[in-house]
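Here the structure comes first, spelled out in structure tokens, and everything after it is commentary.
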2 protein chains.
Amino acid sequence: MKISVLGAYQTKFGELWDQSLESLIYKAALGAIKKAEIELKDIEIIFLANKLAGSLNDQNHLSALIAELLGINVPVVRVEAACASGGLAVNQACLALSSGQYQTALVIGAEKMTDLPSDQVASGLMTAASQQEQQVGLSFVGLYALMAKKYLSEFQVLRKKLALPAVKNHFHASLNENAHFPFKISLDQVLHSPVIAQPLRLLECSPLSDGAAALVLSAKKYGQKRKNGVKIRASQLCCQSLSLSQRSSLTQIDSAKIAAQKAYVQAGLGPKDLSCLEVHDCFTIAEIIALEDLGLYSQGQAHSALVNGENKLGGKRPVNLSGGLKACGHPVGATGVKQIVELACQLKNQAGKRQMPGAKVGLAHNIGGTGGTAVIHILTN
Amino acid sequence: MKISVLGAYQTKFGELWDQSLESLIYKAALGAIKKAEIELKDIEIIFLANKLAGSLNDQNHLSALIAELLGINVPVVRVEAACASGGLAVNQACLALSSGQYQTALVIGAEKMTDLPSDQVASGLMTAASQQEQQVGLSFVGLYALMAKKYLSEFQVLRKKLALPAVKNHFHASLNENAHFPFKISLDQVLHSPVIAQPLRLLECSPLSDGAAALVLSAKKYGQKRKNGVKIRASQLCCQSLSLSQRSSLTQIDSAKIAAQKAYVQAGLGPKDLSCLEVHDCFTIAEIIALEDLGLYSQGQAHSALVNGENKLGGKRPVNLSGGLKACGHPVGATGVKQIVELACQLKNQAGKRQMPGAKVGLAHNIGGTGGTAVIHILTN
């Protein structure tokens, strides 16, 4: 697979009370097109990732909304896979470009989650869990708390190590002006923040955010004119059972493992080749499991890399340089697209203060629900 | 494009109070796999069309739900485009198969709409219209009534002719045991049914239905063993403005015209080559506009074909042999998939009492909202 990332754009993530879903979509779309140095008329097909507009914004027919916003008559495809919607949109754009039917695609991920009644947002989010999980009153933090408890006991990991991804990701976000929380937090602050679902605490949870991200992808062959070309080398999707209760393990996510293995084969690259990663840290435990599922550390060992700082900017393999879902923010549909935007930025050496020197290979890991859907992308420069 | 339809299956459409969304999906999936004479393990990717499960069944993460129902770990993609979701799922499956990355795809369209509070269903459906249209209290029958009024006045068509598609489609449904309404109605009954939104009457409106349909599609080359092979020759998607107020015309749908033109070019076929069609008759006016948008009749003329019976079984070019949305039923996500199931059935000469003798080329026309999204497929045997 050799698909070029021509343009990548992210809006500010946060509580954007002066922005609507429409304005976020519009801004991200035009931003990516401008960065790609093409024109709107060059876009042949559009993919949109959004989870909640049907429940929160009374708007499900987003394909036509985008056609109206941009004033164009082209194919627009809305995909949805809970928090993996963004990764899925990129994945489907890659398939469309590989089909030969289209040459240039725009991918938009957008979500408007704040400035709305919080019970409505909570029940909208829970539609990504199984009926059984909803009926017993579980929330997503509750579901990930079950995974965290099992992980801590199974691998005899000290509680405080679980909190490390949040501290690291806030540090990265302090270098990212588009982040929802562009400031540092201490381990002590995390460990003394309120318990949300035992053992997970407030500062271990990603926030509700508004925001959008967009990419222009192309199957065309560009010459020397397009310097610093970033390519998508692999795009893989896998699903597994919706309910945690139907899984053989709570401490690994099969869909992510399968998609990652296929992506490594497709790219002809392995875990050791990765320079930097954006992984789905909706809760701290999720980042730890992700790094193990991706084959970077054996089970129960990812925390050691957090202790020695190898996943922090300056370390050998930084993870979540954007700040991750935890600190850059988590506007659901935008997240998976933003991960690719961040990697493209790193691989083009345009990430400013949070640039990993010499980044060559990036991996994005995007999860829906507790792993019912997983999407993996590998990019190179 | 040469994608084979290996298997096609439709559940009964109707008020299926003993069926859940899950059971409908399961039944359709296994039905299509059985008809394809393959096994579940041969399915490499699944596409699902559904509009309302997030609002009506508290379930949005349908990709993982399907992985759980079928007990498999494969890519599952949920797409949504209002009432064009089914056509969109088939379209995206065609792209995935054309990419060379997958050889065999399962497409499922499913919707559970009855046995639920009707205000909830109504507001769920209206998320496919623009904010402005929702705010002024318009319903979809109201929106199509505006189109009908304009059509009747612009082309000086007699009111009673508008009702003809309903009579014809109920006749076809009387020959289809899977139809929601498998019985005939008279023109007089239509014209004396209650007005829902002037000029449209109750018996000119498609119903809320439960139901599912599924297809097994393949990019593999099959030899003589697969007789009566039906091929998808064209698959095109186009979008246009969500709001009626943003359109240059109320009596034609640009997205459908553009998608149809592209589909004719892709298939190397024209309107005159079509043996039979399944078109999106959510309201009687929609079928009339569809036939004109598809280039079969000039504007203001489609009613003449309804008068002389050429679109009825036995006529030269039957339309909606399944009974259409009006009489076969309209489980939103299933509709676009069912259209292809019906065409595959006709082109394989397996449609029993409603078989069009010698059907060779079929076209499916699936619309979302008032035409914000349009999907066109052309099939041959």
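Keep in mind that what you see is a predicted model, and the values were worked out from it rather than measured. The sequence lines fix the lettering, A, B, ..., with proteins before strands; numbering per chain opens at 1.
- Applying a 4.5 Å heavy-atom cutoff, the residues of residues 240-253 of chain B that approach chain A are B:Gln240, B:Ser241, B:Leu242, B:Ser243, B:Gln246.
- A 4.5 Å side-chain heavy-atom check between A:Thr104 and A:Leu217 finds every atom pair outside the cut-off.
- Contact tally against chain A (heavy-atom pairs below 4.5 Å) for B:Val375, B:Val74, B:Val79: the top residue is B:Val74.
- Of the listed residues (A:Leu97, A:Leu65, A:Leu70, A:Leu48), the one with the most heavy-atom contacts under 4.5 Å to chain B is A:Leu65.
- Checked by atom type, the side-chain pair A:Glu44/A:Gln103 shows no donor-acceptor distance below 3.5 Å.
- Between chain A and the residues B:Ser99, B:Cys83, B:Ala67, the largest count of heavy-atom pairs under 4.5 Å involves B:Ser99.
- Using a 4.5 Å heavy-atom threshold, the side chains of B:Ser63 and A:Cys239 count as touching.
- Contacts between B:Leu88 and chain A at a heavy-atom distance below 4.5 Å involve the side chain alone, from C-beta outward.
- Residues A:Phe140 and A:Thr370 are in side-chain contact: their nearest non-hydrogen atoms beyond the backbone lie under 4.5 Å apart.
- In this model, no donor atom of one side chain and acceptor atom of the other lie less than 3.5 Å apart for A:Thr127 and B:His61.
- Interface residues of residues 129-137 of chain A toward chain B, defined by a heavy-atom distance below 4.5 Å and sorted by number: A:Ala129, A:Ser130, A:Gln131, A:Gln134.
- Contact tally against chain B (heavy-atom pairs below 4.5 Å) for A:Asp254, A:Ile45, A:Asn73, A:Ile258: the top residue is A:Asn73.
- Of the possible donor and acceptor atoms, one in the side chain of A:Arg78 sits under 3.5 Å from a partner among the backbone N and O of A:Asn50.
- At a threshold of 4.0 Å, the pair B:Lys257-B:Asp293 does not count as salt-bridged, since none of the basic side-chain nitrogens sits closer than that to a carboxylate oxygen.
- The closest side-chain heavy-atom distance from B:Gln266 to A:Gln101 is below 4.5 Å.
- Enclosure of atom OH in A:Tyr264 by more than 12 non-hydrogen atoms of other residues, nucleotides or ligands within 6.0 angstrom is indicated.
- Of the atoms belonging to B:Thr373, heavy atoms from both backbone and side chain fall under 4.5 Å from chain A.
- Under 3.5 Å, the side chains of B:Ser4 and B:Ser218 contain no donor-acceptor pair of N or O atoms.
- A donor-acceptor contact closer than 3.5 angstrom links the side chains of A:Asn91 and A:Ser235.
- Among A:Lys51, A:Met126, A:Glu80, the residue with the largest count of heavy-atom pairs under 4.5 Å with chain B is A:Glu80.
- One finds the CG atom of B:Leu294 at 9.0 Å from the CD1 atom of B:Ile378 (value rounded to the nearest 0.5 Å).
- Side-chain contact check for A:Ile3 versus A:Ser98: some heavy-atom pair is nearer than 4.5 Å.
- Within the 4.5 angstrom heavy-atom criterion, only backbone atoms of A:Ile72 (N, CA, C, O) approach chain B.
- Counting heavy-atom pairs under 4.5 Å between each of B:Leu62, B:Asp58, B:Ile46 and chain A puts B:Asp58 at the top.
- When each of A:Leu95, A:Asn60, A:Ile66 is checked for heavy-atom pairs under 4.5 Å with chain B, A:Asn60 comes out on top.
- Applying the side-chain contact (heavy atoms from CB on, under 4.5 Å) test between A:Leu52 and each of A:Leu208, A:Asn57, A:Leu125 identifies A:Leu125 as the sole match.
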